[in-house]
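The first residue of the sequence shown is numbered 1, and numbering continues consecutively from there.
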Amino acid sequence: MEEESSDKTGYRRGPYKRYLKGDSRVPRETAKRWMNLDVPSSSSAGVAYDGNAESSENDDGSSDEDRVDNRKIRRRSAQSAASASGDSHLDSSGDDDVTDNNRRSGSDNDTIPHGHFDGEDGTDNNSRSGSDNDNVPHGHFDGEDGTDNNSWRDASSDDDSGGSSISDIDDGNDHDNLDDINDGGNEMDPLYPNATVSLRTAAFLLMTVCLTFSVSHIFIENLLQVICFLLPNGHILPATYHKLTRVFSDSPVPLVLHRFCEDCQHYLGKRDDIQNPNCPNCDAELTNVHGKNYGIFLEVPQDKILKSFMEVDRLYDQLRYPMNREQDADNDAYRDVYDGTEYLQIPCNSCDAVARCSIQNMTQFNGFYGCGLCEQKAETVPKGNGTVRVYPMSNPAAKMRNDTEISRQARIAATTGVPEKGVKGQSATSIIPAFSVGRSFIPDYMHSVLLGVVRTMMNLWMDSPNHESPWYIGTRTSQLDRRLLTIRPINEITRTPRSLTTRKHWKASEYRNWLLWYSLPVLQGILPAQYLQHFLLLSVSVYHLTTTSVSKRSVQLAKHLIDSFVDDVATLYGREHCSFNVHQLTHLAITVQRWGPLWVHSAFPFESNNQIFKKLIHGTQAAQLQVVGALSLVRQLRDVRNRMDDQEAVTLAERITGRKLPQNRENVGPGVCFVGKPDYQMLSPASSEAAFRCIGEPMVQNLYLYARALVRGQMIHSISYEEEGSHVLKRNNSTVIYDDGPLIAYGQVMHFFKHADQLYCVLNQLKKINPGFIHRASNCKAEHVIPVRKTTNPVVVPISQIIGKVLQLEVGGDVYIGQIPNPYEYNL
């Protein structure tokens with residue numbers, strides 16, 4: 001029977017063997033005391049384990065040295081077990097005379113990343129803040145391990161600059177006692193004796209998995225301990241996240257933390273330089289019982305970042321792009337930001353209307369002078385039971401704002417205390433060199449057009465409060481859905497169509513798909529003709545302004561169509577619907593002239609990266625440190641990947657991160673791969689005749705016919721692959737646009753094959769049908785939604801003539817081709 005005794009805390013203390021097994025019943029005080037014992041020698045190891053002090057070989061055949069190695073791993077488990085007893089005030093360093101025994105973190109969060117400095121989160125370390133965190137790994141109950149994962153150590157800098165290192169980001173666990181578990185090794189050393197995998201490869205793959213799936217640090221540490229337990233003796237894999245991030249020899253990027261007063265926005269200085277507990281400007285206490293009263297921001301030295309960009313991201317090659325890019329036939333076309341009239345003169349700022357007025361220090365968009373680009377005054381008109389400010393079409397157009405006038409108006413506003421034509425005072429951006437308060441800000445088409453005008457128009461058509469309006473089609477939503485949900489987009493359009501009843505949950509990319517492609521075929525014959533004609537103006541103009549190369553003629557055409565659209569809103573829907581977003585449409589054409597096509601400066605890529613940042617944040621405090629630390633690690637991994645010699649590891653990492661390439665593929669030409677297993681058979685008589693017209697000889701022998709091909713990065717399917725058996729794919733990747741002599745044509749892929757070292761494609765032609773969608777008043781034709789009819793006349797063309805994929809929209813028995821305006825807004 002095991003001997004047990006009671007200590008002064010009332011806990012039942014078991015023997016040392018129970019502690020070694022990691023039993024959670026071992027009290028924290030006892031485990032802490034045992035953890036600070038020296039590792040027993042081989043002569044005493046038997047006493048500690050099973051009472052057999054004279055045997056140097058154990059019953060299982062393992063030596064005492066092996067048992068000591070295993071005990072080192074178990075000490076880590078015992079530390080976690082000791083944490084589970086609840087005495088979280090104990091320090092894990094093993095010193096009984098801990099000075100900060102009352103230090104507790106505020107939130108039950110086990111996923112705080114490294115780099116937090118004591119007090120930077122603003123919590124009182126001597127009390128609990130009481131916040132909870134839902135980011136707990138599956139199967140792990142909040143606070144179950146008892147560890148103080150939120151108390152981040154104060155990492156002081158070696159110099160007086162207030163700087164610290166991204167790699168100093170810590171998870172709050174004291175790793176000093178883990179040094180004897182694994183001291184690691186050089187990153188190029190084998191993971192264990194005679195291993196074919198290096199430590200760098202193992203660490204690279206582990207960190208790739210952790211960052212891809214955004215797991216918590218406690219999960220990573222547990223995973224590392226399991227792997228260390230499975231590896232043979234002599235391995236050098238670190239047992240903690242803290243050491244895993246230091247495997248790579250790359251030097252960390254230094255950080256400088258600055259503070260400012262949250263009451264008066266006064267800059268306080270660098271973190272380590274602040275001595276006064278009160279703000280010198282407003283005398284507010286910088287810390288109080290409620291937490292923090294100061295804000296922090298980070299500074300990353302630009303020389304380090306630029307050096308990284310030059311080395312890893314090949315920034316130099318990208319800076320030469322304006323000189324090396326292919327010249328357009330129309331030299332006056334706007335193809336990128338480099339072609340804008342403001343390029344190299346002033347910087348550009350893209351944000352939504354709410355943020356823009358705050359940065360410009362102007363009246364909000366629902367004020368009388370709410371436009372930051374022009375001086376048009378809003379009107380107040382009745383709407384429902386109240387009033388609303390609107391911006392109907394102004395003739396002549398309102399005066400555009402300029403910096404001289406804005407500066408004068410700011411001085412008047414500062415003197416009178418009343419905004420002058422919407423200007424409330426000097427903007428903070430006015431002190432930025434070359435920044436123009438009047439011209440640097442642009443209307444972002446993602447917010448103003450897609451989430452603004454397009455969503456508003458759809459709500460007008462389908463919301464029940466408008467049931468008495470002539471444009472109301474809410475009673476025919478089910479018919480619209482039947483048309484919409486039959487559309488099968490290409491792979492490059494991430495989201496398949498969703499029901500119109502869920503439109504309040506649509507993303508901006510879904511409204512973009514609706515505006516450019518889906519709306520015209522789906523609404524035809526249901527929305528009254530005058531309202532469909534009106535919406536056609538917006539669809540055509542936005543398409544022209546988002547193409548790869550926007551000619552000056554297209555800009556002028558788009559401006560004319562937009563002016564007509566804005567002017568007709570008041571006539572068709574009433575002046576109360578001439579909203580600020582509708583007004584912003586009038587500035588899209590001049591924005592393209594100044595800064596290039598709308599896709600160049602849209603908020604799509606920035607909003608898309610927000611989801612990446614969200615995944616990097618696991619805790620409720622110091623989010624900026626978590627993001628910077630994770631991004632620094634991502635950059636290190638990318639650099640390591642570029643230097644990796646193990647291509648199998650690189651391929652595995654690409655599969656983990658989602659960049660999957662088909663396994664069964666055959667490189668058959670420049671930029672072309674045949675994918676999948678081919679069918680060995682003859683072409684149909686019609687296809688053989690088409691091959692004779694193209695190649696000059698009949699194809700009467702058996703050929704290897706492929707159903708899929710990867711052409712210049714685009715996966716193209718055949719009709720048979722997408723409709724094999726009774727299963728029809730939700731995507732249509734079989735419709736392409738190709739060169740047909742001096743013209744362009746459309747077709748559906750039937751087969752790919754190779755003959756005499758040449759690559760060919762068998763297509764079923766799609767013939768254009770006139771007249772298509774035409775705006776009768778302006779005689780403007782929609783070039784991006786083209787009605788076609790299917791044929792059974794196959795043609796054979798070289799794969800090199802395929803330009804790319806297009807959308808095939810089959811709506812209500814009719815077939816349309818949807819042209820892609822540019823290759824840069826895929827996967828939105």
Side-chain angles (χ1 to χ4, degrees), residues 324-326 488-493 548 647 650-651 654-655 658-684 687-688 690-699 701-724 729 731-766 794-808 817-820 822-827:
N324 298 335
R325 60 181 175 163
E326 296 181 3
R488 298 187 296 147
I490 58 177
N491 283 341
E492 286 73 13
I493 296 178
T548 303
Q647 289 304 312
V650 173
T651 302
E654 290 177 348
R655 285 181 17 218
R659 293 186 293 271
K660 298 180 181 179
L661 291 175
Q663 296 298 311
N664 188 12
R665 66 184 187 275
E666 177 187 355
N667 293 321
V668 291
V672 181
C673 295
F674 286 163
V675 180
K677 184 179 179 180
D679 292 327
Y680 189 62
Q681 62 185 41
M682 292 180 58
L683 293 174
S684 67
S687 298
S688 180
F692 177 77
R693 291 195 300 269
C694 176
I695 302 173
E697 59 180 281
M699 295 287 105
Q701 71 276 22
N702 285 349
L703 298 172
Y704 286 104
L705 304 180
Y706 290 83
R708 289 180 294 166
L710 197 62
V711 181
R712 292 184 292 278
Q714 286 191 328
M715 178 64 74
I716 302 177
H717 297 164
S718 69
I719 302 175
S720 60
Y721 178 81
E722 294 183 336
E723 300 178 355
E724 184 175 357
L729 298 183
R731 305 278 183 172
N732 185 335
N733 294 288
S734 61
T735 308
V736 298
I737 179 175
Y738 65 95
D739 284 323
D740 186 19
L743 304 175
I744 60 172
Y746 307 97
Q748 287 183 290
V749 175
M750 298 177 63
H751 309 288
F752 298 99
F753 69 91
K754 183 177 181 179
H755 175 71
D757 295 330
Q758 298 297 317
L759 308 177
Y760 297 96
C761 177
V762 183
L763 301 169
N764 267 346
Q765 285 184 307
L766 297 173
V795 294
V796 174
V797 298
I799 290 182
S800 58
Q801 292 181 207
I802 294 179
I803 300 173
K805 291 190 293 187
V806 293
L807 277 79
Q808 179 177 312
I817 292 296
Q819 294 270 34
I820 309 296
N822 64 77
Y824 309 109
E825 291 186 297
Y826 283 159
N827 299 315

Visitor: Considering non-hydrogen atoms only, spot the tightest contact between V675 and Y706 and give its length.
Guide: O-CD2, 4.1 Å
Visitor: Looking at P823 and T548, what are the two nearest heavy atoms and their distance?
Guide: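 Heavy-atom minimum between the residues: CD-OG1, 3.3 Å.
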Visitor: Roughly how far apart are M682 CE and L705 CG, rounded to 0.5 Å?
Guide: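 Reported to 0.5 Å precision, the distance equals 10.5 Å.
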Visitor: Might you point out which heavy atoms bring V806 and G818 nearest each other, and give the distance in Å?
Guide: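 Heavy-atom minimum between the residues: CB-O, 3.7 Å.
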Visitor: Which heavy atom of N732 sits nearest a heavy atom of I490, and at what distance?
Guide: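 Closest approach of N732 to I490, heavy atoms only: O-CG2, 3.2 Å.
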Visitor: Just wondering, do N764 and P794 contact through their side chains at under 4.5 Å, heavy atoms?
Guide: yes
Visitor: Taking atom NE2 of H755 and atom CD1 of I695, what is their separation to the nearest 0.5 Å?
Guide: 5.5 Å
Visitor: Please enumerate all residues that pass side chain to side chain donor-acceptor pair (under 3.5 Å) together with K754, with sequence neighbours excluded.
Guide: none
Visitor: So, do R731 and H717 sit near enough that their side-chain heavy atoms are less than 4.5 Å apart?
Guide: no
Visitor: The test is side-chain contact (heavy atoms from CB on, under 4.5 Å); show your working for I803 and V736 and say whether it passes.
Guide: CA-CA 7 Å; I803 300 173; V736 298; over 6 Å; no
Visitor: In Å, rounded to the nearest 0.5 Å, how long is the span from CD1 of I820 to CD of E825?
Guide: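 I820 atom CD1 to E825 atom CD measures 10.5 Å (nearest 0.5 Å).
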Visitor: What's the separation between atom CD1 in I719 and atom OG1 in T735, rounded to the nearest 0.5 Å?
Guide: 7.5 Å
Visitor: Check the pair V796 / R693 against side-chain contact (heavy atoms from CB on, under 4.5 Å), numbers first and verdict last.
Guide: CA-CA 8 Å; V796 174; R693 291 195 300 269; over 6 Å; no
Visitor: For residues 794-807, which residue pairs pass the side-chain hydrogen bond (donor to acceptor under 3.5 Å, both in side chains) check, not counting sequence neighbours?
Guide: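 Checked against side-chain hydrogen bond (donor to acceptor under 3.5 Å, both in side chains) - neighbours excluded - the pairs reaching residues 794-807 are E492-K805, N733-K805.
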Visitor: Give me the atom names and distance for the closest heavy-atom approach of F753 to Y704.
Guide: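 What the structure gives for the nearest pair is CB-O, 3.7 Å.
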Visitor: Could you give the distance from SG (C694) to CE (M699), rounded to the nearest 0.5 Å?
Guide: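 One finds 9.5 Å between SG of C694 and CE of M699.
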Visitor: Under 3.5 Å, sequence neighbours excluded: what are the donor-acceptor pairs made by side chains of residues 740-750?
Guide:
{"from": "Y746", "atom 1": "OH", "to": "Q819", "atom 2": "NE2", "distance (Å)": "2.6"}
{"from": "Q748", "atom 1": "NE2", "to": "Q808", "atom 2": "OE1", "distance (Å)": "3.0"}

Visitor: Parallel under 30°, tilted from 30 to 60°, perpendicular over 60°: which one fits the rings of F752 and F674?
Guide: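 The arrangement is tilted - the two ring planes meet at 30° to 60°.
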Visitor: Can you tell me how far CD1 of I716 sits from CG of L710, rounded to the nearest 0.5 angstrom?
Guide: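 It comes to 8.5 Å.
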Visitor: Going through the distances and angles, do I493 and L807 end up as a side-chain contact (heavy atoms from CB on, under 4.5 Å)?
Guide: CA-CA 10 Å; I493 296 178; L807 277 79; 3.7 Å; yes
